[in-house]
Number of protein chains: 2
Amino acid sequence: MTAHDPVIACGNCPIRHNAICAECEADELSMLERAKSYKTVPVGTPLARAGEPLSHFSSLVKGCAAMSRTLEDGRRQTVGLLLPSDFIGRPGRATSPFDVTALSEVTLCRFERTAFERIVRDTPHVASRLLTMTLDELDAARDWAVVLGRMTAREKLAAFLLNLAQRQRSVRGMARPSGKILVALPMSREQMGDHLGLTIETISRQITALRKDGLIEVPSRQDIRILDYDALAFEAGDDGDGAPIA
Amino acid sequence: MTAHDPVIACGNCPIRHNAICAECEADELSMLERAKSYKTVPVGTPLARAGEPLSHFSSLVKGCAAMSRTLEDGRRQTVGLLLPSDFIGRPGRATSPFDVTALSEVTLCRFERTAFERIVRDTPHVASRLLTMTLDELDAARDWAVVLGRMTAREKLAAFLLNLAQRQRSVRGMARPSGKILVALPMSREQMGDHLGLTIETISRQITALRKDGLIEVPSRQDIRILDYDALAFEAGDDGDGAPIA
DNA sequence: GCGTCCACTTGACTTGGATCAATGCCGCCG
DNA sequence: CGGCGGCATTGATCCAAGTCAAGTGGACGC
């Protein structure tokens with residue numbers, strides 16, 4: 001993206017990790033250092049509420065959160081699952097268009113919003129990195145539209161498990177996995193339903209079906225072991241051409 | 001977003017229109033001028049194919065296009081409707097993740113990809129504008145997920161008509177409309193179905209239903225007149241709080 | 001160790017939208 | 001002007017997922 005490769009790493013904080021490079025002045029680094037602060041919150045904490053002001057731009061360092069919208073009659077749709085390296089908020093807008101809720105204990109790397117806007121404006125590496133991240137999120141959101149609009153319940157569940165497996169692995173630095181993979185479900189069946197546009201009962205039935213078909217094991221409520229990655233990818237309508245399912 | 005307001009306008013081309021400002025050097029302007037070229041193609045032209053290289057970054061100046069993915073079994077989902085000011089392609093990636101097809105005669109303002117990447121890198125205003133546009137598209141894509149995941153066929157159609165009405169008006173510089181509005185449908189029933197995750201028959205039935213309920217008129221196959229904007233917004237689950245339906 | 005609670009699972013039935021099958025309508029071309 | 005072809009509408013039926021209603025089972029407190 002830029003002429004500089006990221007060099008200086010900083011734990012799981014993607015802003016500093018990806019946006020600062022050794023060739024650039026130390027000023028940028030110290031500016032980011034001064035502006036950022038870490039915060040850890042327990043499971044269930046609302047990190048943002050739709051329409052309400054958001055004082056910080058944050059990047060998720062640890063844990064898992066869900067971005068969702070709830071209609072007046074109670075129907076809820078999760079529009080994004082946030083895992084480490086994903087961000088909350090945006091420069092140039094004071095309010096969040098969605099609710100964001102911590103699905104587990106969550107650690108955030110936070111930047112006060114106006115300070116962050118200044119950083120984005122003055123630091124081409126950060127702006128460039130943020131653009132790349134946003135474009136990637138956009139592609140992922142559009143991929144997910146295919147799942148929501150055109151897939152059966154079984155395909156939706158398979159796509160979800162594969163997506164989760166890939167993202168959990170990629171955080172740990174692994175490429176496309178294969179064979180048996182233990183996937184940690186950081187959410188209840190209800191939240192899975194909200195993510196996939198299904199009811200809790202349908203989620204439950206499809207988990208049972210995939211289990212009976214030998215594609216997955218369910219060691220506990222919050223874990224699913226994928227027994228045959230490629231077979232599950234086939235169920236998800238992924239023809240194996242590497243097209244990412246979100 | 002930036003310290004500079006856009007001043008120089010250029011027809012419907014959003015890059016130059018929004019990204020260049022009178023306070024900045026003339027160099028930026030002439031660089032963009034040299035790099036860009038216009039191209040007009042007839043209805044049905046493929047503007048991009050999923051997985052295949054994309055030589056240009058383009059912005060849509062006139063007409064309408066659909067971004068879609070087709071599964072192997074023929075199921076298709078439109079993941080984005082492109083209207084004037086929307087863009088095709090992205091810096092930093094040579095291939096398109098989706099098919100893009102012209103739904104009408106389309107005029108593009110095109111920048112050769114590597115030249116555009118240089119412009120984005122060297123011109124903070126363009127980069128900043130592109131980031132804002134991408135963040136807006138991301139919000140819109142996530143809003144659409146609520147429609148696809150949680151709405152009934154009737155609600156989906158209502159949301160679609162409202163969305164189209166708003167976007168067609170906003171191009172012409174109007175805010176949220178009300179009363180009777182003629183919406184031009186730049187697509188077949190099949191393409192509407194692909195956009196909403198419904199079949200052609202369901203689209204047809206729901207149009208008939210909304211017409212019989214006095215919410216819309218159907219003067220021709222490619223036009224729908226909204227008779228009561230607020231009532232239609234109610235059908236779409238829009239509580240009128242101004243929350244955009246995509 | 002025993003009850004209680006709550007999330008999950010399973011079963012029975014309903015229903016919204018898909019599917020299959022005509023039929024209608026309009027534009028176009030000879 | 002008349003026939004042809006493709007899109008759109010309408011009707012009849014089917015089925016996947018939703019809804020409503022019991023169970024189950026593991027975690028936790030007492």
Side-chain angles (χ1 to χ4, degrees), chain A residues 43-44 66 71 73-77 101 103-104 147-161 183-213 216-224 235-237, chain B residues 43-44 66 71 73-77 101 103-104 147-161 183-213 216-224 235-237:
Chain A
V43 50
L71 303 178
D73 59 7
R75 285 179 289 178
R76 187 183 303 132
Q77 177 67 45
T101 313
L103 296 180
S104 65
V147 174
L148 290 178
R150 286 298 184 196
M151 289 199 176
T152 63
R154 185 183 175 97
E155 291 171 321
K156 284 179 175 181
L157 182 62
F160 170 71
L161 292 174
V183 181
L185 299 177
M187 48 173 43
S188 67
R189 298 288 184 267
E190 182 174 13
Q191 285 158 334
M192 289 171 65
D194 289 340
H195 189 44
L196 296 170
L198 298 171
T199 59
I200 182 175
E201 294 95 333
T202 300
I203 296 288
S204 185
R205 279 186 246 273
Q206 295 303 329
I207 289 177
T208 303
L210 289 181
R211 183 170 52 72
K212 286 191 174 159
D213 291 347
I216 60 171
E217 271 175 8
V218 189
S220 84
R221 282 181 179 182
Q222 42 266 344
D223 291 288
I224 284 186
E235 293 290 336
Chain B
V43 50
L71 303 178
D73 59 7
R75 283 178 291 178
R76 187 184 304 131
Q77 177 67 44
T101 313
L103 296 180
S104 66
V147 175
L148 289 178
R150 286 298 184 197
M151 289 199 175
T152 64
R154 185 183 176 95
E155 290 170 322
K156 283 179 175 181
L157 181 61
F160 170 71
L161 292 175
V183 181
L185 299 178
M187 48 173 41
S188 66
R189 298 287 185 266
E190 182 173 14
Q191 286 159 333
M192 289 171 65
D194 289 341
H195 189 45
L196 296 169
L198 298 170
T199 59
I200 182 174
E201 294 93 336
T202 300
I203 296 289
S204 185
R205 279 186 246 273
Q206 296 304 328
I207 289 178
T208 302
L210 288 182
R211 183 170 51 72
K212 288 190 174 162
D213 291 348
I216 60 172
E217 270 174 11
V218 189
S220 83
R221 283 181 179 182
Q222 41 267 343
D223 291 289
I224 284 185
E235 292 291 335

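These numbers were taken from a predicted model, which means no experiment stands behind them. Proteins come first, then strands; the chains are lettered A, B, ... in the order of their sequence lines, and each starts at number 1.
Side-chain atoms of A:T152 and A:E155 include a donor-acceptor pair closer than 3.5 Å.
If you check distances only, the side chain of A:R221 does reach the base of C:dA7 with a donor-acceptor pair under 3.5 Å. A donor and an acceptor atom sit less than 3.5 Å apart, one in the side chain of A:R205 and one in the base of C:dG11.
When rounded to the nearest whole Å, the span between CE of A:M151 and P of D:dA16 equals 17 Å. The CD atom of B:E190 sits 15 Å away from the C1' atom of D:dT9 (whole-angstrom rounding). Put simply, CZ on B:R211 is 12 Å from C1' on D:dA8, counting in whole angstrom units. For the pair A:D223 CG and D:dG26 P, the interatomic distance rounds to 15 Å; values are reported in whole Å. Between the C1' atom of C:dG16 and the CG atom of B:L196 lies a distance of 16 Å, rounded to the nearest Å. When the C1' atom of D:dA21 is taken as reference, atom CD1 of A:I200 falls 14 Å away, rounded to whole Å. Between A:I224 atom CD1 and C:dT9 atom C1' the separation is 14 Å, expressed in whole Å. One atom, CG of A:L185, and another, C1' of C:dT9, lie 16 Å apart when rounded to the nearest Å.
Candidate nucleotides C:dT10, C:dA18, C:dC20 were compared by shortest atom distance to the side chain of B:E201, and C:dC20 ranks first.
Across all strands shown, A:S188 has heavy atoms under 4.0 Å from sugar-phosphate atoms exclusively, and none from any base. Among the heavy atoms of the strands, none lies under 4.0 Å from A:I207. As judged by a 4.0 angstrom heavy-atom cut-off over every strand, B:S204 is placed among the base-contacting residues. At a threshold of 4.0 angstrom between heavy atoms, the contacts of A:I203 with the nucleic acid are absent. In this structure, A:G193 reaches neither bases nor backbone, as no heavy-atom distance under 4.0 Å exists between it and the strands shown.
Going from atom CD1 of B:I203 over to atom CE of B:M192 covers 5.0 Å, rounded to the nearest 0.5 Å. With rounding to the nearest 0.5 angstrom, the CD atom of B:Q191 is 11.0 Å from the CG atom of B:L185.
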- Worked verdict on B:R150 versus A:D194 for salt bridge (Lys or Arg N to Asp or Glu O under 4.0 Å): CA-CA 9 Å; B:R150 286 298 184 197; A:D194 289 340; 3.2 Å; yes
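The phosphate of C:dT10 (OP1 or OP2) has a side-chain N or O of A:T208 nearer than 4.0 angstrom. Under 4.0 angstrom from either OP1 or OP2 of C:dA18 there lies at least one side-chain N or O belonging to B:T202.
With the nearest nucleotide of DNA chain C identified for both B:Q206 and A:Q222, A:Q222 has the one nearer the 5' end. Sequence order on DNA chain C of the closest nucleotides to A:R150 and A:K212 puts A:K212 first from the 5' end.
Proximity of B:D223 to B:E217: side-chain heavy atoms (C-beta onward) are nowhere separated by under 4.5 Å.
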